[in-house]
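Notes to accompany the following structure.
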Amino acid sequence: MELIDGNQVAAAIIAELKAEVAAFTGRKPCIALVRVGEDPASVSYVKKKEKTAAEIGLTSRVILPPLSISQADLFALIDQLNADPTVDGILVQSPLPKHIDELAVFRRVSPAKDVDGFNTLNLGKIAQEDETGFVSCTPAGIMELLARSGVDLKGKHVVVLGRSLIVGKPVALLALQKKAGANATVTVCHSGTTNLPALTRQADVLIAAIGRAEFVTADMVKPGAVVIDVGINRVPDPARKTGYRLTGDVHFPSVSLLASKITPVPGGVGPMTVAMLMKNTVKAFRLHPAQ
Ligand code: NDP
């Protein structure tokens, strides 16, 4: 079994971006990071994004509206960033408070600055195989991780567990694209799927993104399969200082014994998500240098 090291691959991407950004004369690419409220996970995600941007030489602008912000005021803030020629990418950290329509917010971000890739136009561009769009960061990170680990999806059966707009659907569309590295036969499973293990056992490449701790067990995996674990779940663990441990959607101890390659959690897909956000920001700058 080979461990797919997301930290290592993400570090290589960050080093490439750093070299690219160093060669830009004048203004550097800028990402606006909007975090509403003080959700602890969001606080740490935005900190990590800010830190990685600085490491690459990008400018970041962190905007922290209060939890009570109205949808209209959040729209006004996004409109302002959309119109600001010194901002190349906009990220609105999810989750947003319940009174705000998250999809409407994603749609409000200008497609040219939608480095998170959740705008309707950018999701549509994946289906059209239009490379001028922005692919959402986790699916893009999964594809990059597979490519850089020498996994060619051509002719393979890829089974995706989960159909969210953030992970499952876009990664399924990417694997389906008729281009080098992709061109797979894709099955997408969800909570309405019957006899799920019979389908997952057919997977040459299994991508688990359902948000259920250690759901995928050895009896659900074909020996020699490549297993990508997207899940990030907090499982109570009184023995730890934090009171919990992080685990994926895959039961790593048993599945790693029969997979040919597997991503760990943490240290697999997670670091790739941040690296791809930075890559999208640099792409936004290159595509629209004077937004
Ligand atoms: P969602 O909750 O939005 O979607 C979960 C999907 O899994 C849904 O399609 C749901 O089906 C399906 N599902 C849930 N339970 C089952 C089940 N028992 N059997 C079959 N299908 C099931 O989750 P996300 O896609 O946002 O995230 C998935 C996981 O990935 C989470 O652990 C999340 O924390 C993690 N994640 C990690 C990221 C990273 O950077 N590594 C980034 C984003 C997410 P249905 O549609 O029918 O409800």
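Order of appearance sets the numbers: ligands from 1, and atoms from 1 within every ligand. Any value given below was found using the heavy atoms of this structure, including those in side chains, with hydrogens, waters and symmetry copies removed.
- Heavy atoms of other residues, nucleotides or ligands lying less than 6.0 angstrom from CD of Q8 number 12 at most.
- Considering only non-hydrogen protein atoms, atom 16 (C) of ligand 1 sits nearest to R212 NE, 4.1 Å.
- On a distance-only criterion, I232 and ligand 1 share at least one N/O pair closer than 3.5 Å.
- Every heavy atom of C189 sits 4.0 Å or more from the atoms of ligand 1.
- The shortest heavy-atom distance from G168 to ligand 1 is not under 4.0 Å.
- When the options V230, V269, L161, D229 are evaluated for a side chain to side chain contact (heavy atoms under 4.5 Å, CB included) with I207, the one that passes is V230.
- Side-chain contact, S254 with T217: no donor N or O sits under 3.5 Å from an acceptor N or O.
- With atom 11 (O) of ligand 1 as the reference point, the heavy atom nearest to it among A41, G211, S191 is part of S191.
- The hydrophobic cluster containing I166 does not contain I232, counting ILVMFWY residues as joined when their side-chain heavy atoms lie under 4.5 angstrom apart, directly or transitively.
- A heavy-atom separation below 4.0 Å is found between V230 and ligand 1.
- Atom numbering of ligand 1 starts at 1 in the shown order; those under 4.0 Å from a heavy atom of G270 are 40 (O), 41 (N).
- Of the protein's heavy atoms, V167 CG2, 4.0 Å lies nearest to atom 44 (C) of ligand 1.
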> For H251 and F215, what are the C-alpha separation, side-chain angles and deciding distance, and is it a side chain to side chain contact (heavy atoms under 4.5 Å, CB included)?
Replying inline: CA-CA 7 Å; H251 185 254; F215 180 90; over 6 Å; no
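- Applying the salt bridge (charged side-chain N to carboxylate O under 4.0 Å, His left out) test between D204 and each of K261, K156, K222 identifies K222 as the sole match.
- Residue-ligand proximity, V269 to ligand 1, at heavy-atom distances under 4.0 Å covers atoms 41 (N).
- The distance from ligand 1 to the heavy atoms of N233 drops below 4.0 Å at these ligand atoms: 32 (O).
- For E20, the side-chain hydrogen bond (donor to acceptor under 3.5 Å, both in side chains) partners two or more places apart in sequence, or in a different chain, are R286.
- Shown in contact with G231 at under 4.0 Å from a heavy atom are these atoms of ligand 1, numbered in order with element: 29 (C), 30 (O), 32 (O), 35 (C).
- Salt-bridge check for K125 with E131: failed, with every basic side-chain N at 4.0 Å or more from each acidic carboxylate O.
- Put simply, atom 4 (O) of ligand 1 has protein non-hydrogen atoms near it, under 4.0 Å away.
- Residue-level proximity to ligand 1 for M272 is absent, since no heavy atom of it falls below 4.0 angstrom.
- Of all the atoms in ligand 1, the ones that sit under 4.0 Å from a non-hydrogen atom of G162 are 6 (C), 7 (O), 9 (O).
- Residues M278 and I14 form no side-chain contact, since every pair of their non-hydrogen atoms from C-beta on lies 4.5 Å or further apart.
- Side-chain atoms of R234 and T242 include no donor-acceptor pair closer than 3.5 Å.
- Not a single protein heavy atom sits closer than 4.0 Å to atom 27 (O) of ligand 1.
- Nearest to atom 24 (P) of ligand 1 among the protein's heavy atoms is S164 OG, 3.7 Å.
- Ion pair D114/R108 not flagged as a salt bridge, since none of the NZ, NE, NH1 or NH2 atoms sits closer than 4.0 Å to an Asp/Glu carboxylate oxygen.
- Ligand 1 places these atoms under 4.0 Å from at least one heavy atom of F215: 18 (N), 19 (N).
- Residues R148 and E144 are paired through a salt bridge, judged by an N-O separation under 4.0 Å between the basic side chain and the carboxylate.
- Salt bridge E214/R245: present, at least one basic N to carboxylate O contact under 4.0 Å.
- Neither the backbone nor the side chain of T193 comes within 4.0 Å of ligand 1, counting heavy atoms alone.
- The heavy atom nearest to atom 13 (N) of ligand 1, considering only T138, V265, I210, L165, is found in I210.
- In this structure, the protein non-hydrogen atom closest to atom 8 (C) of ligand 1 is R163 N, 3.9 Å.
- Looking at L196, T273, V188, it is T273 that brings a heavy atom closest to atom 40 (O) of ligand 1.
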